[in-house]
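Step one of this worksheet: look at the structure below.
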Amino acid sequence: MSKPVGFDQKVLLNHLDYTANQTKKHSRKEMYTVLDNYLRDDITGVKSRKNAITMLMKIWYRVDDELKPIRDEILEEFSQLTNEERLLVHWGLTIAAYPFFKDVSNEFGRLFQLQDEVSSKAINNRMKEAYGDRRRVEVATSAVLGSMKAWNIIQPVSKSIYTISEKIIITSSLIQSFFVQILLNVLDSDALHVDLIENHPLFFPFNCELNITELRERKSFSFYRQGVKDLVIERNPI
DNA sequence: GGCATGTACGAGAGTATATA
DNA sequence: TATATACTCTCGTACATGCC
């Protein structure tokens, strides 16, 4: 039995922004109708539109129970967020919703730590090793790459070679808190070294130097030292 | 023409909801 | 509670397009 892929269509930022803006206003059933109307101009095929709606709902609406409190907190502030902060939020929720997207991101991040340019072929091969050698994996990988290009995360330097766009610096304590909670969730962990969080390949497009003082004030986490140098951040029980 | 890539469609399994 | 029905989600694959 091969691992499910799910993410098989390019997702645009304006679709994610719109979904986020509507999430607190409508019931689940209403959301399908609202999104269908909104996407009608961009996606003409009925089936493709339904597929896109499925993805948007999974990213923003049907989030893991553990992440709902921080998702709701983000939604309260969503209109005040900068485009860069919104991008990180979309990125984090997509990673949490789609393990395939997470694995592609992790592979990109790992390779970008070693080199300046990454070929889509290398990513494709790696995904086929993990998810099976099938056309669906090619379609999904291309959908993830297409989304990352559309979000201006990566830039093509030639036909199948990509370089990373300038890293986005994140300073807001709310967004940093979100960032840490997403990492703890997707890595299925209650505690992580601060150094590992700040340099994790999953968030390769972002530069997030944690503001420990402000994060301490948010009460969601506690900190302790492991040895002389290593600072560990731990999720507080709810 | 062959190949790669993006988009669309139909099928089927799984899940949620309505109704008796 | 059990069953029927509707809806959601994922998949394989067909088709269109562009490039070599």
Side-chain angles (χ1 to χ4, degrees), chain A residues 1-68 71 90-108 111 117-165 185-186:
Chain A
M1 179 72 182
S2 48
K3 288 201 279 181
V5 172
F7 195 101
D8 60 359
Q9 203 162 309
K10 183 168 77 180
V11 178
L12 300 178
L13 277 181
N14 63 307
H15 295 169
L16 287 163
D17 279 342
Y18 184 80
T19 308
N21 281 320
Q22 301 303 314
T23 292
K24 294 298 279 180
K25 298 179 189 166
H26 301 285
S27 67
R28 178 173 172 175
K29 192 160 188 167
E30 286 167 347
M31 282 295 286
Y32 283 94
T33 311
V34 165
L35 288 173
D36 193 65
N37 288 332
Y38 181 74
L39 297 177
R40 214 167 273 265
D41 291 339
D42 287 346
I43 306 172
T44 50
V46 177
K47 282 282 187 180
S48 297
R49 201 159 60 238
K50 284 217 179 300
N51 193 33
I53 293 168
T54 295
M55 291 168 67
L56 292 168
M57 288 291 281
K58 195 165 175 177
I59 291 168
W60 266 105
Y61 204 95
R62 298 172 48 238
V63 306
D64 191 306
D65 286 344
E66 200 174 71
L67 295 173
K68 275 184 179 156
R71 189 272 319 255
H90 294 317
W91 182 269
L93 288 177
T94 308
I95 279 173
Y98 285 100
F100 187 87
F101 189 97
K102 183 193 82 179
D103 290 342
V104 173
S105 305
N106 197 54
E107 197 57 22
F108 255 122
L111 291 173
E117 295 177 351
V118 173
S119 82
S120 58
K121 274 206 166 71
I123 300 294
N124 225 334
N125 290 340
R126 186 67 194 89
M127 288 306 108
K128 281 184 171 177
E129 283 171 23
Y131 286 81
D133 189 353
R134 44 195 177 131
R135 167 74 168 131
R136 181 117 297 270
V137 175
E138 287 177 26
V139 170
T141 305
S142 139
V144 174
L145 261 58
S147 300
M148 288 183 182
K149 268 191 283 181
W151 302 354
N152 203 27
I153 295 287
I154 54 172
Q155 290 178 341
V157 289
S158 67
K159 195 169 179 296
S160 62
I161 306 289
Y162 293 91
T163 185
I164 186 172
S165 301
N185 181 275
V186 299

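Throughout, protein chains are lettered first and strands after them, A, B, ... in sequence-line order, and every chain is numbered starting at 1. The basis for the numbers below is simple: all heavy atoms, side chains too, and nothing from hydrogens, waters or symmetry mates.
Under the side-chain hydrogen bond (donor to acceptor under 3.5 Å, both in side chains) criterion, A:E138 pairs with A:K128, sequence neighbours left out. Listed by chain and residue number, A:Y38 satisfy the ring-ring contact (aromatic ring centres under 6.0 Å, His included) test with A:Y18 (two or more places apart in sequence, or in another chain). Under the rule for a ring-ring contact (aromatic ring centres under 6.0 Å, His included), A:Y61 has no partner lying at least two apart in sequence or in another chain. For A:N106, there are no side-chain hydrogen bond (donor to acceptor under 3.5 Å, both in side chains) partners two or more places apart in sequence or in a different chain.
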Every protein N/O lying under 3.5 Å from an N/O of nucleotides 13-18 of chain C:
unit_1	atom_1	unit_2	atom_2	d
C:dT13	O4	A:R136	NH2	3.4

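Listed pair A:Y131 / C:dC11 fails the phosphate criterion, with no side-chain N or O lying under 4.0 Å from OP1 or OP2. Put simply, A:R62 has no side-chain N or O that comes within less than 4.0 Å of OP1 or OP2 on C:dT8. Residue A:K58 places no side-chain N or O under 4.0 Å from the OP1 or OP2 atom of C:dT8.
B:dA8 atom P lies 13 Å from atom CE of A:M55, rounded to whole Å. Between the CD1 atom of A:I59 and the C1' atom of C:dC9 there is a distance of 14 Å, rounded to whole Å. Here the C1' atom of nucleotide C:dT8 and the OH atom of A:Y61 are 15 Å apart, to the nearest Å. The separation between A:E138 atom CD and B:dT7 atom C1' is 15 Å, rounded to whole Å. If you take CE of A:M57 and P of C:dT10, they are 13 Å apart, rounded to a whole angstrom. Distance A:K10 NZ to B:dT5 P: 15 Å, rounded to the nearest Å. Put simply, NZ on A:K128 is 12 Å from P on C:dG12, counting in whole angstrom units. Distance A:Y32 OH to C:dA6 P: 18 Å, rounded to the nearest Å.
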Which pairs would a plain distance check flag for residues 90-97 of chain A, meaning a side-chain donor or acceptor within less than 3.5 Å of a matching protein atom at least two apart in sequence or in another chain?
unit_1	atom_1	unit_2	atom_2	d
A:H90	ND1	A:W60	NE1	3.1
A:H90	NE2	A:D17	OD1	2.8
A:W91	NE1	A:L202	O	3.0
A:T94	OG1	A:H90	O	2.6

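Side chains of A:K25 and A:Q22 form a contact here, defined as non-hydrogen atoms less than 4.5 Å apart.
Shown are A:V11, A:L56, A:I59, A:I53; of these, the side chain to side chain contact (heavy atoms under 4.5 Å, CB included) with A:T19 is made only by A:L56.
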